[in-house]
Undergrad: 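This structure is in structure tokens; I'll ask about it shortly.
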Amino acid sequence: MSKALPKRSEDYSGWYNELVKKADLAENSAVRGCMVIKPYGYAIWEKMQQTLDKMFKETGHVNAYFPLFVPKSLFEAEEQNAEGFAKECALVTHYRLKADPDRKGKLIVDPDAKLEEELVVRPTSEAIIWSTYKNWIQSYRDLPLLINQWANVVRWEMRTRLFLRTAEFLWQEGHTAHSTAQEAIQETEKMLGVYAEFAENFLALPVIKGIKTANERFAGALDTYCIEALMQDGKALQAGTSHFLGQNFAKAFDVKFTNKEGALDYVWGTSWGVSTRLMGALIMAHSDDNGLVLPPKLAPHQVVIIPIVFGDDNSALFEKCDEIKKTLEKAGISVKLDARDTHKPGWKFAEYELKGVPVRLALGNRDLASNQIELARRDTLTKEMVPLEGLAERLLALMDEIQTNIYKKADDFKTKQTLKVDDYETFKKTLDENPGFILAHWDGTPETEEKIKNETKATIRCIPLDAPEENGFCMVTGKPSNKRVVFARAY
RNA sequence: CGGGGUGUAGCGUAGCCCGGUAUCGCGCCUGCUUUGGGAGCAGGAGGUCAUCAGUUCGAAUCUGGUCACCCCGACCA
């Protein structure tokens, strides 16, 4: 069987596409631009969901669910938001089909079933949610309102790629309402912090926290905060956003409350989200030419046990494998035992490597006698014989070690590929020859940003929150600047 | 939506220029031998050649239309 992937160094996007399919994460569907997320891929997404959901609840949020459809009149209420998404909206215009009188067995849209008002399939839910919040909020006592929803959204993208950009994708969107601007800003920053923590501790992905420039801001927000990650090909990927909406949506949907002083005011809002795009980030950040490399905290199976059968009587071997599985599970490790006799060990080794299982254990009859087992690490591709005794403790420690090692590898790469550049020629050359995050001075104008984007395809990923004050000059216009911003070509 | 390309078995392909009912590999099924890094041998199943029309005794092949997908732009999490 030929399951060899293209090499990252030769064809990065080919490598990515093949990896997603061959590792059984997702595939293209019969619907243009929409993917089928397969069980193994979905299991990883479920781990992400569970972890994030817990973090949201620990920070005081609750889940709810709002409709998939947004009446057009509600959708257009917040002008900037509507305009920003208008070009990529799917619409429901009819509610019935009927038999085609001219072609047997075919259906046509029933022209008599045209909706009075078109329904927009949500590209994001601010409109439907804020129209609902109007009824829920009257007093400062009703605030803050801290709600999250897990949902699918549709954005009719021109060009799509599995996980990175699909016409339909899964995400969570938090929508909160507050009585003061300050509290809403705190919420925005708090959730950005949650995302950064999740990315670093679970995805093993170091990120830069920052604020978007006006050009890159979410349509309808006053400020967009983001976390930006660096992929192995030197391109940036926006891994999460958190928006301070000010009173824009409150005004658009007339959401007012009476404050402690008895005065009527508009409420302050935030929204924040991460999507199945994180799957793309996870894949591109860590995987290698042999396949997926999963951090133990998100791997559906942390350990796979492969019995090496030989001869006729392997009952003792299978029993031992079962026993090991139970012991490890008792210690809180997720284990898959692959005792199928339809595939050879070598096939299984390659298969689980492709699927990124962090640790592989191989046990044969000759190991039974010596009370040892072969342990192979996916992240380092190293093998060693270890005693069966104390295996669970060893593996628990090893899970942490692997998680840390994967993070460190990504962090070292990010550090190495984050370069300070002071002149535009070097900037262009760096983008082509040694891509990564580029820290450069910028005069703060949308015009210069646009010019750079048009000439180099690089955008300002963010103005980092922790950027130190530093006097310099814009690399394009020579105008003064007081901090460096992060440039990169991005997904 | 502009420019380019491709549709042949579950997947990847040859054949097309120069018309005669389709090649090879992987996968799948059966049997035997195998099993510590993607097994070997033997046998087998699987195709309206994207689709519609035209030319022709005869079309995967030539002509025209349609559809889908891919790549490069513009758009975007």
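In the text below, chain A, chain B and the rest are named by the order of the sequence lines, each starting its count at 1. These numbers were taken from a predicted model, which means no experiment stands behind them.
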Undergrad: State whether the number of non-hydrogen atoms from other residues, nucleotides or ligands found under 6.0 Å of A:Glu83 atom CD is greater than 12.
TA: no

Undergrad: In whole Å, I'd like the distance from the CZ atom of A:Arg161 to the P atom of B:C70.
TA: 12 Å

Undergrad: Can you measure A:Met158 atom CE to B:G3 atom C1' for me and round it to whole angstrom units?
TA: 16 Å

Undergrad: Expressed as a whole number of angstroms, how long is the span from A:Lys87:NZ to B:C1:P?
TA: 16 Å

Undergrad: Report all interatomic pairs (protein N or O, nucleotide N or O of nucleotides 39-42 of chain B) with separations under 3.5 Å.
TA:
from: B:A39; atom 1: O4'; to: A:Lys344; atom 2: NZ; distance (Å): 3.3

Undergrad: By side chain to side chain donor-acceptor pair (under 3.5 Å), which residues pair with A:Asp289, not counting sequence neighbours?
TA: A:Arg8

Undergrad: Does A:Lys348 or A:Asp341 map to a spot on RNA chain B nearer the 5' end, using the closest nucleotide for each?
TA: A:Asp341

Undergrad: With sequence neighbours left out, what residues match A:Tyr424 under side chain to side chain donor-acceptor pair (under 3.5 Å)?
TA: A:Glu455

Undergrad: Does the pair A:Arg489/A:Asp432 count as a salt bridge with the N-to-O cut at 4.0 Å?
TA: yes

Undergrad: Are A:Phe487 and A:Phe427 close enough that their ring centers fall under 6.0 Å?
TA: yes

Undergrad: Just N and O in the side chain of A:Lys457: are any of them under 4.0 Å from OP1 or OP2 of B:G73?
TA: yes

Undergrad: Flag the pair A:Glu228 and A:Lys212 as a salt bridge only when some basic side-chain nitrogen lies within less than 4.0 angstrom of an acidic carboxylate oxygen.
TA: yes

Undergrad: Between B:G3 and B:U21, how far apart are the two P atoms, rounded to whole Å?
TA: 39 Å

Undergrad: Once pairs are restricted to Watson-Crick or G-U wobble with both distances under 3.5 Å, how does RNA chain B read as a dot-bracket string, [ ] for crossings and | for other-strand pairs?
TA: (((((((..(((.......[...))).((((((.....)))))).....(((((..]....))))))))))))....

Undergrad: The criterion is side chain to side chain donor-acceptor pair (under 3.5 Å); which residues satisfy it with A:His286, sequence neighbours excluded?
TA: none

Undergrad: Is the positively charged end of A:Arg378 above the ring of A:Tyr352, judged by distance under 6.0 angstrom from the centroid and angle within 45° of the axis?
TA: no

Undergrad: Tell me: NE2 of A:His343 to C1' of B:G37, nearest whole Å?
TA: 15 Å

Undergrad: Please enumerate all residues that pass ring pair (Phe, Tyr, Trp, His ring centres under 6.0 Å) together with A:Trp156, with sequence neighbours excluded.
TA: none

Undergrad: Where do N or O atoms of nucleotides 6-13 of chain B meet protein N or O atoms at under 3.5 Å, pair by pair?
TA:
none

Undergrad: Taking the chi torsion of B:U33, is it syn (within 90° of 0) or anti (everything else)?
TA: anti

Undergrad: Taking A:Leu25 as the fixed residue, which of A:Ile37, A:Ile44, A:Leu162, A:Leu282 is the one that meets the side-chain contact (heavy atoms from CB on, under 4.5 Å) rule?
TA: A:Ile44

Undergrad: Whole Å only: how far is the CG atom of A:Leu368 from the C1' atom of B:G36?
TA: 13 Å

Undergrad: Could you go step by step and tell me if A:Glu447 and A:Lys451 meet the salt bridge (charged side-chain N to carboxylate O under 4.0 Å, His left out) rule?
TA: CA-CA 6 Å; A:Glu447 292 76 25; A:Lys451 177 179 154 75; over 6 Å; no

Undergrad: If I take atom CD in residue A:Glu216 and atom P in nucleotide B:C75, what distance separates them, rounded to the nearest angstrom?
TA: 11 Å

Undergrad: Decide, yes or no, whether a salt bridge links A:Glu384 with A:Arg377 under the criterion of side-chain N to carboxylate O below 4.0 Å.
TA: no

Undergrad: Counting only non-hydrogen atoms, which of residues 374-390 of chain A are less than 4.0 Å from RNA chain B?
TA: A:Glu374, A:Lys383

Undergrad: Give A:Asp367 one of three labels, base, sugar-phosphate or nothing, depending on what nucleic acid heavy atoms sit under 4.0 Å from its own.
TA: base

Undergrad: Have a look at A:Phe169 and say if it touches a base, only the backbone sugar-phosphate, or nothing, with a 4.0 Å heavy-atom cut-off.
TA: base

Undergrad: For A:Ile185, give me all partners under side-chain contact (heavy atoms from CB on, under 4.5 Å), at least two apart in sequence or on another chain.
TA: A:Glu189, A:Tyr225, A:Phe244

Undergrad: Short of 4.0 Å, heavy atom to strand atom, which residues of residues 222-240 of chain A count as contacting RNA chain B?
TA: A:Gln238

Undergrad: Can you name the residues that form a side chain to side chain donor-acceptor pair (under 3.5 Å) with A:Thr124, not counting sequence neighbours?
TA: A:Glu126

Undergrad: Which residues in residues 357-366 of chain A have at least one heavy atom lying under 4.0 Å from any atom of RNA chain B?
TA: A:Arg360, A:Ala362, A:Gly364, A:Asn365, A:Arg366

